[in-house]
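A short write-up of the structure that comes next.
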2 protein chains.
Amino acid sequence: MCAQIRTMAATKNEDVRVAISQNRITDSGLRMTAPRRQLIEILAESERPLSVEDLSQRSKGKFDLVTIYRNLEVFRELGIVEVILLENGKNLFELTGEHDHSHHIVCRHCLKAERIEFCMGGELERYASSRGFSNLSHTIEVFGECPDCETKG
Amino acid sequence: MCAQIRTMAATKNEDVRVAISQNRITDSGLRMTAPRRQLIEILAESERPLSVEDLSQRSKGKFDLVTIYRNLEVFRELGIVEVILLENGKNLFELTGEHDHSHHIVCRHCLKAERIEFCMGGELERYASSRGFSNLSHTIEVFGECPDCETKG
DNA sequence: TTTCCTGCAAAATGTTTGCAAGGCA
DNA sequence: TGCCTTGCAAACATTTTGCAGGAAA
């Protein structure tokens, strides 16, 4: 029963995140369409950040890749999703967390990602600022093998 | 004259870096060829990290793109070059500095990059380790507009 | 002389653009 | 209705693979 409560809570939380995302779309004067709704739901339900290809598969190829690319770009502009840049230059997408952006420990094998709760970006950007740089942003990601993959591999 | 001494010192330093890189190749049983020699020289002389396309242009198209790709991969494996992963997923290459790897403040416009001398990777990897992850690596880069580009732009 | 390396050609990937038809508000 | 979105097709950019000839050691 304890597990059941947790499941319910998790579901609720998902629903909230979906609703928030959808509001951002309609509040921006954009339209809520089937692809947008489903892509957001898939991201909300996912246990890990997803690639464009992942999203295509999980939506059963119902939507053109172009549609996925274009909507992820819209989502990114609205702050609905964050992008995780992998070592190989590829992108993963996940719904934005509490903060405007976060960093991750990403498993190279299963691509599961844990958010790193402390962000050292401030210190880095302060340093960059002292060197005369402006309009700053930063990327920080850690890659490794997660406990699950390690025991399997 | 002071400037002249500095120039000479800089040239010397370049030569040393070229020599070190070349040694790594021959010590590995690989061959020193014209493309390898020139690519290393171009990287050594460059005022900023270079893309594959940059290297192609600076070598006046003398070498096939394939050759550049393949050699950069060899250089990376030998630790001769480091890769800087830009926000857009593209790569820049520079000769490895004192340390095995470093992080940078990269100007979005001119792509000049300053090495960040303090690496916070240790702390990050210690945290990842405590979460059960192994075989760790990390990326940290800061992006902004450098003082030169700011005044121009 | 052996093995490595290069260039060419072609294929494979991943992403973007233009446009006409369709659908949300 | 009006404008936003979608899907299709094609273009584009980037990187990889296979193979035969050429070069370093």
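Note that the structure is predicted; figures quoted are calculated from it, not measured. Both backbone and side-chain heavy atoms feed into the values below; hydrogens, waters and symmetry mates do not.
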Quick one, A:R115 with A:E82, criterion salt bridge (Lys or Arg N to Asp or Glu O under 4.0 Å). Give me CA distance, side-chain angles, the key distance, then yes/no. CA-CA 12 Å; A:R115 284 199 166 85; A:E82 306 188 69; 3.4 Å; yes
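Taking atom NZ of residue B:K90 and atom P of nucleotide D:dA13, one finds them 10 Å apart after rounding to whole Å. Following rounding to the nearest Å, A:E73 (CD) and C:dG14 (C1') show an atom-to-atom distance of 15 Å. The nearest whole Å value for the distance from the OH atom in B:Y69 to the P atom in C:dT6 is 16 Å. The nearest whole Å value for the distance from the CG atom in B:D64 to the P atom in D:dT14 is 15 Å. Computed from coordinates, the B:N88 CG to D:dT15 P distance equals 10 Å when rounded to whole Å. Nucleotide D:dA10 holds its P atom 17 Å from the CG atom of A:L65, rounded to whole Å. The interatomic distance linking A:E53 (CD) with C:dT15 (P) rounds to 10 Å, in whole Å. At whole-Å resolution of the value, CZ in A:R37 and C1' in C:dG23 are 12 Å apart.
Look at B:R70 and B:E73 and you find no salt bridge, because none of the NZ, NE, NH1 or NH2 atoms lies under 4.0 Å from a carboxylate O.
Of the residues near DNA chain D, B:G89 and A:I68, the one whose nearest nucleotide (by heavy atom distance) lies more toward the 5' end is A:I68. Where A:N91 and A:M32 each meet DNA chain C at their nearest nucleotide, the meeting point lying more 5' is that of A:N91. Heavy-atom nearest nucleotides on DNA chain D were determined for A:N71 and for B:V52, and the one closer to the 5' end corresponds to A:N71.
For the salt bridge (charged side-chain N to carboxylate O under 4.0 Å, His left out) with B:R58, the lone residue among B:E53, B:E47, B:E45 that qualifies is B:E47.
Of the possible donor and acceptor atoms, one in the side chain of A:D54 sits under 3.5 Å from a partner among the backbone N and O of A:S51.
Residue A:L30 has its side chain nearest to D:dT5 when only D:dA9, D:dT5, C:dT6 are considered. Relative to the side chain of B:R31, the nucleotides C:dG7, D:dC8, C:dT2 differ in distance, and C:dT2 lies closest.
Under the 4.5 Å side-chain heavy-atom criterion for ILVMFWY residues, no single connected hydrophobic cluster contains both A:F75 and A:V66.
Contact annotation for B:R70: base contact, defined as any heavy-atom pair under 4.0 Å involving a base atom.
Neither OP1 nor OP2 of D:dT5 sits under 4.0 Å from any side-chain N or O of A:T67.
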